[in-house]
There are 2 protein chains.
Amino acid sequence: MSEQDTSDRDYESVLRDAGMRITKPRKTILEILAEGEDHPDALEIFRRANARDASVSLSTVYRTMKALHDCGAIHRHAFEGGPARFEQADAPHHDHMIDVDTGEIVEFRSEKIERLQEEIARELGYHIVYHRLELYGRKRKTR
Amino acid sequence: MSEQDTSDRDYESVLRDAGMRITKPRKTILEILAEGEDHPDALEIFRRANARDASVSLSTVYRTMKALHDCGAIHRHAFEGGPARFEQADAPHHDHMIDVDTGEIVEFRSEKIERLQEEIARELGYHIVYHRLELYGRKRKTR
DNA sequence: AATGCAATTGCAAATCGTTTGCAATAACTG
DNA sequence: CAGTTATTGCAAACGATTTGCAATTGCATT
Ligand SMILES: [Mn+2]
Ligand SMILES: [Mn+2]
Ligand SMILES: [Zn+2]
Ligand SMILES: [Zn+2]
């Protein structure tokens with residue numbers, strides 16, 4: 001009966017529209033994705049889901065993430081090193097800066113860069129389907 | 001006795017400076033990297049190396065790639081989907097556009113984007129250690 | 001509410017790319 | 001050339017993810 005509900009509904013209709021069933025494990029996973037502010041990996045999603053419904057398995061997490069990705073409901077990021085991380089696709093597009101020391105992820109968006117990318121692609125005779133821009137950095141000491 | 005020789009020597013001194021021995025398998029692999037114009041993965045490097053020296057193993061390819069990467073002599077790219085691909089680090093920096101249909105890789109470089117990245121990092125209070133910019137696109141039909 | 005069937009599940013085993021332990025071998029040093 | 005030590009090939013281990021399968025569930029129908 002709150003905003004949470006709205007998000008869940010959204011996700012559920014995405015699944016339903018794709019002809020998929022709304023099962024208990026999926027509901028739980030969707031709940032977690034809807035409220036998540038971070039970029040959890042499959043194992044972390046599994047942990048959080050499992051805390052609410054002990055029957056959810058890691059396989060189902062993977063399968064659900066794949067289904068949601070195919071539906072375009074989530075983004076899958078393969079940052080350097082670690083396992084794939086996920087986030088909702090409903091937020092406006094942004095890219096990521098990863099702190100190489102702490103692993104912290106900062107989101108940013110540059111209209112200029114987005115535009116330049118399109119321009120470059122056009123010059124090369126392509127149109128962009130999707131892209132990946134990741135900045136791996138370290139906190140600036142010298143201010 | 002040709003330009004080839006020069007490239008090989010370079011690689012070898014990189015290894016030597018890092019206190020590594022110049023072995024037959026390494027020589028073969030370095031030869032291949034020096035003349036390669038593309039972005040081969042470990043298995044492809046193994047195939048090419050193996051054609052010249054049947055004793056080279058895949059493990060050694062992986063180990064050599066790791067050593068060269070640690071020395072900063074090569075770049076390792078983990079493009080969407082496939083295995084890691086390698087290329088020499090001696091060429092000037094560039095980013096990649098990947099044709100989602102054919103897998104073809106086109107190199108490009110945008111001074112503007114490079115500059116903007118630095119700018120963004122600074123605004124976020126970071127300095128860039130390295131970055132990854134990959135455009136996944138499709139050949140433009142409409143010219 | 002009971003029925004039937006296809007979609008979904010958990011589990012274990014398989015997969016892929018990559019790394020590693022180990023005993024045998026080859027590079028370098030003197 | 002001999003001694004020390006890095007490097008090798010092999011096979012087995014690895015981490016992340018996917019898959020086969022038989023049991024369970026969601027859901028459209030009565
Ligand atoms: Mn994000
Ligand atoms: Mn390149
Ligand atoms: Zn972007
Ligand atoms: Zn760049």
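Each chain gets a letter, A, B and so on, in the order the sequences are listed, and its residues count up from 1. Side-chain atoms are counted along with the backbone in the values below, which use heavy atoms only and exclude waters and symmetry mates.
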- Message: At under 4.0 Å between heavy atoms, how does the protein contact nucleotides 21-30 of chain C? Give one character per nucleotide, 5' to 3', with B, S or -.
- Response: B-----BS--
- Note on the structure: Taken to the nearest whole Å, CG/B:Leu43 to C1'/C:dG17 is 10 Å
- Query: Atom CZ of A:Phe86 and atom P of D:dA16: how far apart are they, to the nearest Å?
  - Reply: 12 Å
- Query: Hey, is the main chain of A:Gly125 close enough, under 3.5 Å, to the side chain of B:Arg140 for a donor-acceptor pair?
  - Reply: no
- Message: Strictly below 4.0 Å, N to O, side chains only: are B:Asp70 and B:Arg63 in salt-bridge contact?
- Response: no
- Message: Let me check the geometry of the helix from C:dT18-D:dA13 to C:dG30-D:dC1. What is the bend angle between the axes at its two ends, five pairs each, to 10°?
- Response: 40°
- Task: Measure the CD-CG distance between A:Glu114 and A:Leu116 for me, rounded to the nearest 0.5 Å.
- Result: 10.0 Å
- Counting only non-hydrogen atoms, which of residues 68-84 of chain B are less than 4.0 Å from DNA chain C? B:Pro83, B:Ala84
- Between C:dT18 (C1') and B:Arg85 (CZ): distance, integer Å: 16 Å
- Task: Specify the separation, in whole Å, of atom NZ of B:Lys27 and atom P of D:dA6.
- Result: 19 Å
- Listed partners of A:His69 passing ring-ring contact (aromatic ring centres under 6.0 Å, His included), at least two apart: none
- Task: Compare side-chain N and O positions of B:Tyr62 against OP1 and OP2 of C:dT19 and report whether any pair is under 4.0 Å apart.
- Result: no
- Item | Parallel, tilted or perpendicular: rings of A:Tyr136 and B:Tyr130 (30°, 60°) | parallel
- Under 4.0 Å between a Lys/Arg side-chain N and an Asp/Glu carboxylate O for A:Glu119 and A:Lys112? no
- Message: Without decimals, in angstroms, what is the distance between B:Asp41 CG and C:dG17 P?
- Response: 8 Å
- Starting from C1' on C:dT9, measure out to NZ on A:Lys66 and report it in whole angstrom. 17 Å
- Would you mind listing every ring pair (Phe, Tyr, Trp, His ring centres under 6.0 Å) that reaches into residues 40-67 of chain A, with sequence neighbours excluded? none
- Message: Between P on D:dA16 and CE on A:Met65, what's the gap in Å once rounded to a whole number?
- Response: 16 Å
- Message: Under a plain distance cut-off of 3.5 Å, with no hydrogens placed, do B:Glu107 and B:His94 share a side-chain donor-acceptor pair?
- Response: yes
- Task: Measure from CG on A:Leu58 to P on C:dT9 and round the result to the nearest Å.
- Result: 13 Å
- Are B:Glu118 and B:Arg122 close enough for a salt bridge, meaning some N to O gap below 4.0 Å? no
- Message: Tell me every residue that passes side chain to side chain contact (heavy atoms under 4.5 Å, CB included) with A:His75, counting only those two or more places apart in sequence or in another chain.
- Response: A:His77, A:Glu87, A:Ala89
- Query: Out of A:Ile22, A:Ile32, A:Leu15, which one pairs with A:Lys27 under the side chain to side chain contact (heavy atoms under 4.5 Å, CB included) rule?
  - Reply: A:Ile22
